[in-house]
Amino acid sequence: MNTRNTLYVKDGKLYIGGFAASELARRFGTPLYVMDAAYIAEVCDAFQSAMATYGDGAVAFANKAFATVATAKIAAKHGLWFDVVSGGELYLVKSAGADLGKVLFHGNNKTVAEIEEGIVDGVGFFVVDSLHELKLLDEKAGAAGVVQDILVRVNPGITAHTHEAVATATPLSKFGFGVDTNAFEVIKDASQRRNLHFRGIHSHIGSQIYDHSSYDAAIGVLTDFMKRLYDEAGIVTEILDMGGGYGIYYTDADPKFTPKRYAYTVENIGKRVKEECAAKGVAKPFLIVEPGRSIVGEAGITLYTVGAIKDFPSVRKYVAVDGGMFDNPRYALYESQYSAVLADKADKPADETVTIVGKCCESGDIVAKDVKLQHAEAGDILAVFSTGAYNYSMASNYNLNAVPPVVLVDGDKADYIVKPQTYADLLRNNEVPEWLK
Ligand code: LLP
C-alpha cells in the first residue's frame, strides 16, 4: 500500500479521502470504483510545476486512462490539455467544457466521421498516424475551409522496459512512422499540404515505465531527427510531444512514487530536451507530455464484497468477489498484479496467500493472483489499490454484469460521477425485429 494523507489506515480501517472505505461500500454498494479528487488535483499541479521548470509547454491528460466528465473537469481546472483517441472521448471533453484548441486527437485509424467531427469542433492538433489519414485530413480540412494544425507521430524505435502489450515504439509497432523508415518523407509531404500546418512531432514509447533511460534514449533519437528535418528540408519542429507512460505503484515490487516524484520525471524530460537541443543547435520546442495512468491510477481503489471462498489445502485458496474482469480486465489482458486489503481488517496480519477471483464464467477472471491478504470471510469489504487507470475505462458488460458506478471523494464529500447501471440500461439498445415477434 502506498499510503498518503488521503489513503491510510486508522483504527484498523482503510480510509480514502475523509471516508472509511467500508462506509462508502455500505452507502453506495459494491462493486464500486472510488476516486480521490485531491490526489488527482495534486498530481496535475505537480506536473504543471514540473513543466513550468522547462518553460513553454503543456501537460495533456490522456483521457483513455479514465474517461469521465467530472475528472476531465478537474484536469481542465488545473490547466491541463487533453489527449483524446476517439470521437467518444472528444465528445466527453467537449461535454466537460474543455478548450478544444488544447486537444490532441490521437489514433492510428481515425474514421472519416471522427476526422470531420474533429475539424468542425476546432480540435487543436491532429496527431497524424498514417498516410491515409494525412490525405483524408488535408481533403476534409480543405472542404471545411480551415488550415488544420497537425503533429506527426514518429516511432523512435525504442524498446521501453515494460510489458509487450503496452510498448508502442518498438520497430514493429502499428503506431506512427519510423524515424529510420518513412517519417522524414511523410513530414516533407505533410509540410507541403495546403490545408495542413505541420507543427511538430509526437512519440509515445509505452506505458508503465519507471526507467528514465527509455525517455532519454527517445529524446536523443527525436532531437537528432528534428535536426535532420531542419538541415535537410528546412522544416522547423515547433512542438515536441513526448507522450506519457510513467509507471505507478501496484505491488511492493514497484517503486512508491509521490506526485513530486512524477513531477521529477517530467522535469528530467524537459532538462534532457533542452540539453540535447542546445547541443545539436536545434531550436527549443514547445514541449508536451501526456500522462494518463500516473494522474488517475493511484487515485482509484475498487471496493468489492467477498462471497464464496474455496480452499484447496496446500494448492490454492480462492476468494471470490462480486466484481471481476468486467470491471478490471487487466489480469486477463496483461497478467497485471494488484495489492489488496480487507477494508475493516487492515491492521490484521496479511498472512494468507490467496487468489482473488471475480464472478465471470472464465478461469482467467482473476483480480489478483497469489496475493497476501488478511483472513477473509464472506461479507468482508475488499479494497484493491491503484485501480484508477484503465479499469473503469476498459470495463465491459461481460456476462451482462453492470459496470460499477464511480464515486468521487473530496474531503468530506462523496458523490457519484458515474451512476449505477440498471438491468434496463444493459438492454437499452436491444431491439427485436418485427419478424421475430
Ligand atoms: N499518449 C498516448 C499516445 C498513448 O497512447 C497513451 C497510452 C498515453 C499517452 C498515456 O499513457 P500512460 O501515461 O497512461 O501510461 N490499457 C493499458 C495501457 C494502454 C496505454 C495506451 N496508451 C493498461 O491497462 O496498462
Side-chain angles (χ1 to χ4, degrees), residues 40 43-44 46-47 50 58-67 71 75 80-86 89 103-110 125-129 151-156 158 160-170 173-177 200-211 214-215 218 222 239-251 254 257 259 262-263 265-266 269 287-300 302 325 327-338 367 384 386-396:
I40 296 173
V43 186
C44 288
F47 278 134
V59 180
F61 173 51
N63 213 71
K64 70 204 82 178
F66 186 81
T71 42
L80 270 67
W81 293 26
F82 289 97
D83 148 355
V84 302
V85 77
S86 67
E89 287 192 0
V103 168
L104 300 137
F105 200 156
H106 284 276
N108 70 305
N109 190 26
K110 302 173 189 77
F125 304 89
F126 276 80
V127 184
V128 175
D129 196 290
L151 305 182
V152 171
R153 180 162 182 166
V154 301
N155 178 351
I158 300 293
H161 304 288
T162 185
H163 191 288
E164 190 191 350
V166 292
T168 47
T170 60
S173 168
K174 75 167 179 171
F175 297 105
F177 303 95
I201 56 175
H202 165 275
S203 150
H204 171 76
I205 57 172
S207 204
Q208 190 55 6
I209 299 167
Y210 299 112
D211 185 359
S214 303
Y215 291 104
L222 294 169
I239 299 175
L240 173 62
D241 181 339
M242 286 299 301
Y246 321 132
I248 68 167
Y249 168 89
Y250 285 104
T251 71
D254 305 324
F257 284 178
Y262 288 124
T265 303
V266 168
I269 288 175
L287 179 65
I288 299 177
V289 292
E290 302 173 334
R293 190 191 312 265
S294 48
I295 293 181
V296 286
E298 292 194 50
T302 306
M325 64 191 290
D327 66 76
N328 183 358
R330 296 190 69 256
Y331 181 85
L333 285 170
Y334 321 114
E335 295 182 4
S336 303
Q337 202 43 300
Y338 284 90
V367 174
V384 177
S386 302
T387 58
Y390 304 109
N391 282 221
Y392 171 69
S393 65
M394 293 203 296
S396 75

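As the structure lists them, so they are numbered: ligands from 1, and atoms in each ligand from 1.
Annotation: His204 is not in aromatic contact with His106 [ring centroid separation under 6.0 Å not met].
If you number the atoms of ligand 1 from 1 as listed, the ones under 4.0 Å from a heavy atom of Tyr334 come out as 16 (N), 17 (C), 23 (C), 24 (O), 25 (O). For ligand 1, the atoms closer than 4.0 angstrom to any heavy atom of Ala62 are 8 (C), 9 (C), 10 (C). Atoms of ligand 1 found under 4.0 Å from any heavy atom of Met394 (numbered from 1 in listed order, with element): 16 (N), 24 (O). Ligand-side atoms of ligand 1 in range of Gly244: 9 (C), 13 (O), range being under 4.0 angstrom from any heavy atom. Remark: ligand 1 atoms within the under-4.0 Å shell around heavy atoms of Asp83 are 1 (N), 2 (C), 9 (C). Per-residue contacts place His106 under 4.0 angstrom from the following atoms of ligand 1 (heavy atoms of the residue considered): 3 (C). For ligand 1 and Arg153, the ligand atoms under 4.0 Å from any heavy atom of the residue are 3 (C). Of all the atoms in ligand 1, the ones that sit under 4.0 Å from a non-hydrogen atom of Pro291 are 13 (O).
With a 4.0 Å cut-off on non-hydrogen atoms, Met242 does not touch ligand 1 at all. Contacts between His204 and ligand 1 below 4.0 angstrom, taking non-hydrogen atoms only, involve the side chain exclusively. Heavy atoms of Val127 found under 4.0 angstrom from ligand 1: none, in either backbone or side chain. When non-hydrogen atoms are compared, ligand 1 lies under 4.0 Å from the backbone of Ser207 as well as from its side chain.
For the ligand labelled ligand 1, residue Ser294 lies outside the 4.0 Å heavy-atom shell.
Ring pair Tyr262/Phe257 is perpendicular by interplanar angle, where above 60° counts as perpendicular and below 30° as parallel. Aromatic ring orientation, Tyr250 versus Tyr338: perpendicular (interplanar angle above 60°, classes split at 30° and 60°). Aromatic ring pairs are classed by plane angle as parallel below 30°, tilted from 30° to 60° and perpendicular above 60°; the pair Phe61 and Phe82 is perpendicular.
Considering CZ of Arg153 and CD1 of Ile201, their distance stands at 12.0 Å, rounded to 0.5 Å. Note that CG of Asn109 and NZ of Lys174 are 8.0 Å apart. Values are rounded to the nearest 0.5 Å.
Residues Tyr246 and Val289 form a side-chain contact, since some pair of their non-hydrogen atoms from C-beta on lies under 4.5 Å apart.
The closest non-hydrogen atom to atom 20 (C) of ligand 1, taken over Phe175, Tyr390, Phe61, Tyr262, comes from Tyr390. Remark: among candidates Lys64, Gln208, His202, the nearest residue to atom 22 (N) of ligand 1 is Lys64, based on non-hydrogen atoms.
Remark: the backbone N or O of Tyr249 is paired with a side-chain donor or acceptor of Glu298 at under 3.5 angstrom. Lys64 places no side-chain N or O within 3.5 Å of a backbone atom of Ser86 that could act as its donor or acceptor partner.
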Evaluate Val266 against Met242 for side-chain contact (heavy atoms from CB on, under 4.5 Å), listing each step before the verdict. CA-CA 10 Å; Val266 168; Met242 286 299 301; over 6 Å; no

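Between Gly245 and ligand 1, at least one pair of N/O atoms sits closer than 3.5 Å.
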